[in-house]
Asker: 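Below is a structure I'd like to ask you about.
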Amino acid sequence: MNPRPVETFARGGRMAARRRTASSGEARQFSRVAAIYDALMAGIAYDIWVRYIHTLWSSRGLDPRTVLDIACGTGNVSFRLAEEGLRVAGVDNSQEMIAVAESKLSRSQRLEGNPAFYCQDAAELDLPFTFDSALCLFDSFNYILDYERLCSAFRRTLLHLRPGGIFIFDVNTVYALSHGFFDQDNLSSDSYPRYVWRSSWDPASRLCTVEMDFEALTDSGVETFREVHTQRGYTQEELTRGLESAGFSDISVFHAYTMRPPNRRSDRLYFVAQRPPD
Ligand SMILES: C[S@@+](CC[C@H](N)C(=O)[O-])C[C@H]1O[C@@H](n2cnc3c(N)ncnc32)[C@H](O)[C@@H]1O
């Protein structure tokens, strides 16, 4: 989750001053932020991401009919794919994010159950369906802090793919997390929501902790709140090993939004892996 290009952190600023008088405390990650997530992501190039996903599918000769969108958030990718005619299930472990996704369903989408949303943890994924492809986008796997749980998410994903199905996910790299890519604000903006994020990096655990302060316009006026998000940086080797041990094969890794291999300054990697055909 990096809504804007990196900007230098503005010390102090209007928002920090306001926070001292109007703070409403710290919230669980992806709880309070759910209500403003789509506004925060207004500048995100979801359409370009979806085109890139199609490029990756084509590169594997896949034209999927069914897609599992793991850590779907408010469903921004799920809705785009469903509107293209694919059948999509979105899964997220934040009830608040799923509630927002469901609130965006039109009457006909609700009747058809497409996209369908489920509140589940990726590491314990358990749906009674298999899919042609599974996605997990926007560094959502970095939020799984324990490597064994991440491997469990990979295993559960494999079981939800049909033989020959394709799994695509992206991660923030250790390079990005250790170089302050989360140090951002939009204090130069006149419109809400406003935010200031400050990150700290622990090289030993490879954990990046981000204090996210938000100022949002609500029915009762301007409210401020904080969520603390933690992401873990995984190496390409760890991720590849985890995929292999889960049973995936034919693993490719790309510098995000290209078909080129990663370089040492890649901030985001895309992985493509296959559940072996029977
Ligand atoms: C940065 S958001 C990305 C949301 C969506 N994929 C998008 O592109 O807008 C990360 C999402 O991962 C979800 N998430 C984090 N850990 C998860 C887990 N263990 N299982 C399922 N979802 C998880 C969060 O609730 C959040 O909605």
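Keep in mind it's a predicted model, so treat the numbers as computed, not measured. Numbering starts at 1 and runs along the sequence shown. One-based numbering, in listed order, for ligands and for the atoms of each.
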Asker: Output yes when the distance from some N or O of ligand 1 to some N or O of Ala71 is under 3.5 Å, and no in every other case.
Answerer: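 Yes, Ala71 has an N/O under 3.5 Å of an N/O on ligand 1.
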
Asker: Would you call the rings of Trp57 and His54 parallel, tilted or perpendicular, taking 30° and 60° as the class edges?
Answerer: perpendicular

Asker: Which ligand 1 atoms are under 4.0 Å away from a heavy-atom of Ile144?
Answerer: 19 (N)

Asker: Could you find the nearest protein heavy atom to atom 19 (N) of ligand 1 and give me its residue, atom name and distance?
Answerer: Asp121 OD1, 3.2 Å

Asker: Could you tell me the residue and atom name of the protein heavy atom closest to atom 1 (C) of ligand 1, and the distance to it rounded to 0.1 Å?
Answerer: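 Result for atom 1 (C) of ligand 1: Met1 CB, 3.3 Å.
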
Asker: Going through the checks in order, is the salt bridge (charged side-chain N to carboxylate O under 4.0 Å, His left out) test met by Glu211 and Arg226?
Answerer: CA-CA 7 Å; Glu211 292 183 345; Arg226 170 176 287 190; 3.5 Å; yes

Asker: Return yes when atom CD of Glu83 has more than 12 non-hydrogen atoms of other residues, nucleotides or ligands closer than 6.0 Å, and no otherwise.
Answerer: yes

Asker: In the protein, what heavy atom is nearest to atom 15 (C) of ligand 1, and what distance, to one decimal place, separates them?
Answerer: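 For atom 15 (C) of ligand 1, the nearest protein heavy atom comes out as Tyr143 CB, 3.7 Å.
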
Asker: Can you confirm if the aromatic rings of Phe271 and Phe167 lie within a centre distance of less than 6.0 Å?
Answerer: no

Asker: Quick one: does Asp92 get a heavy atom under 4.0 Å from ligand 1?
Answerer: yes

Asker: Are Phe254 and Tyr234 connected, step by step, through hydrophobic side chains (Ile, Leu, Val, Met, Phe, Trp, Tyr) whose heavy atoms are closer than 4.5 Å?
Answerer: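 Different clusters.
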
Asker: Using side-chain heavy atoms (C-beta onward) and a distance below 4.5 Å, is Asp139 in contact with Phe181?
Answerer: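 No. Closest side-chain heavy atoms not under 4.5 Å.
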
Asker: If you have a sec, work out which protein heavy atom is nearest atom 18 (C) of ligand 1 and how many Å separate them, to one decimal?
Answerer: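 Nearest neighbour among protein heavy atoms for atom 18 (C) of ligand 1, to 0.1 Å: Asn93 ND2, 3.3 Å.
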
Asker: Below 4.0 Å from ligand 1: does a non-hydrogen atom of Gln120 turn up there or not?
Answerer: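 For ligand 1, residue contact (heavy atoms, under 4.0 Å) with Gln120 is present.
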
Asker: Please confirm whether Tyr46 and Trp49 have ring centers closer than 6.0 angstrom.
Answerer: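 Yes; Trp49 has its ring centre under 6.0 Å from that of Tyr46.
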
Asker: Would you say Asp69 and ligand 1 have an N/O pair spaced under 3.5 Å apart?
Answerer: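 No: no nitrogen or oxygen of Asp69 is under 3.5 Å from one in ligand 1.
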
Asker: Taking the six-membered ring for Trp, is the centroid-to-centroid distance between Tyr143 and Phe30 below 6.0 Å?
Answerer: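 Yes, the ring centres sit under 6.0 Å apart.
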
Asker: Are Tyr192 and Phe214 an aromatic pair by the rule of ring centers under 6.0 Å?
Answerer: no

Asker: Heavy-atom contact under 4.0 Å between Cys72 and ligand 1?
Answerer: yes

Asker: Just which atoms of ligand 1 are under 4.0 Å from any heavy atom in Trp49?
Answerer: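 The list of qualifying atoms is 8 (O).
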
Asker: Does ligand 1 have an atom under 4.0 Å from some heavy atom of Tyr37?
Answerer: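 In this structure, Tyr37 qualifies as a contact of ligand 1 - some heavy atom is under 4.0 Å.
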
Asker: What atoms in ligand 1 come closer than 4.0 Å to a heavy atom of Met97?
Answerer: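 Within the 4.0 Å cut-off of Met97, ligand 1 contributes 27 (O).
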
Asker: So which protein heavy atom does atom 20 (N) of ligand 1 come closest to, and at what separation?
Answerer: Ala122 N, 2.9 Å

Asker: List the closest protein heavy-atom neighbour of atom 10 (C) of ligand 1: residue, atom name, distance to the nearest 0.1 Å.
Answerer: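 Ranking protein heavy atoms by distance from atom 10 (C) of ligand 1, first comes Ser140 OG, 3.2 Å.
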
Asker: Could you grab the distance from atom CG of Asn142 to atom CZ of Arg232, nearest 0.5 Å is fine?
Answerer: 10.5 Å

